[in-house]
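A quick write-up on the structure given underneath.
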Amino acid sequence: MSCYPKIYDIVRQIPYGQVATYGQIADLAGLVGKARVVGYALFRVTTDTKIPWHRVINARGEVSRSSLRDGNDDLQLLLLKAEGIEFVKGRLDLKKYRWQPDFISIDDAD
DNA sequence: CAGATGACAAGAT
DNA sequence: AATCTTGCCATCT
């Protein structure tokens, strides 16, 4: 089982047609500066949960390309395009599509 | 246990 | 603007 329920809780709240960066998720999850943990946490889950992982991208406003994703990286791009997000040279306007949460409802409070 | 790896980020060049 | 370097931390070998 995963050890970061907050991350999934937050990612799950990303609205349609918007995206969030790993750093942003990390910040909201209390993992400031630990964006890698977010990425890794999502990596193990993607195929096992209904989390909109495709709405989570890096701070450059582009989807990461890894040898392991082997096609799933292309799937992410497809899913985002399907949500009305326009890509320019594999990039999107973070200014325009970045999710700005007003309030996060998280079950956990430590 | 130690070294290498990785869906990242921010700063320096 | 693009690329390199360092920091971060969980997971793998």
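Throughout, protein chains are lettered first and strands after them, A, B, ... in sequence-line order, and every chain is numbered starting at 1.
With B:dA9, C:dC9, C:dT11 as the candidates, the nucleotide lying closest to the side chain of A:Val37 is C:dC9. When the nucleotides B:dC8, B:dA9, C:dA2 are ranked by their closest atom to the side chain of A:Arg36, B:dC8 comes out on top. Here the side chain of A:Tyr40 is nearest to one of C:dC9, B:dA9, C:dT11, namely C:dT11. Considering only side-chain atoms of A:Tyr4, the nucleotide from C:dT11, B:dA10, C:dA10 that sits closest is C:dA10.
Here the CH2 atom belonging to A:Trp99 is positioned 11.0 Å from the OG1 atom belonging to A:Thr21, to the nearest 0.5 angstrom. Taken from CG in A:Leu31 to CZ in A:Arg36, the straight-line distance is 14.5 Å, to the nearest 0.5 Å. For the atom pair CG of A:Leu80 and CD of A:Glu86, the computed distance is 12.5 Å after rounding to the nearest 0.5 Å. The CD atom of A:Gln76 lies 11.5 Å from the CZ atom of A:Arg55; values are rounded to the nearest 0.5 Å. Put simply, CG on A:Leu92 and CZ on A:Phe87 are 4.5 Å apart, with the number rounded to the nearest 0.5 Å.
Remark: C1' of C:dC8 and CG of A:Asn58 are 17 Å apart, rounded to the nearest angstrom. One interatomic measurement links the two molecules: CG of A:Asp27 to C1' of B:dC8, which rounds to 14 Å at whole-angstrom precision. What separates CZ of A:Phe43 from P of C:dC12 is a distance of 9 Å, to the nearest Å. If you take CG of A:Leu28 and P of B:dA9, they are 13 Å apart, rounded to a whole angstrom. In this structure, A:Leu31 atom CG and C:dA10 atom P are separated by 9 Å, rounded to whole Å. At whole-Å resolution of the value, OH in A:Tyr22 and C1' in C:dC9 are 16 Å apart. Taking atom CD of residue A:Gln24 and atom P of nucleotide B:dA10, one finds them 11 Å apart after rounding to whole Å. Rounded to whole Å, atom P of C:dC9 lies 14 Å from atom CD1 of A:Ile7.
The phosphate of B:dC8 (OP1 or OP2) has a side-chain N or O of A:Ser64 nearer than 4.0 angstrom. Look at A:Arg44 and you'll find a side-chain N or O under 4.0 angstrom from OP1 or OP2 of C:dT11.
Within the nucleic acid shown, A:Arg55 has no heavy atom closer than 4.0 Å to any nucleic acid atom.
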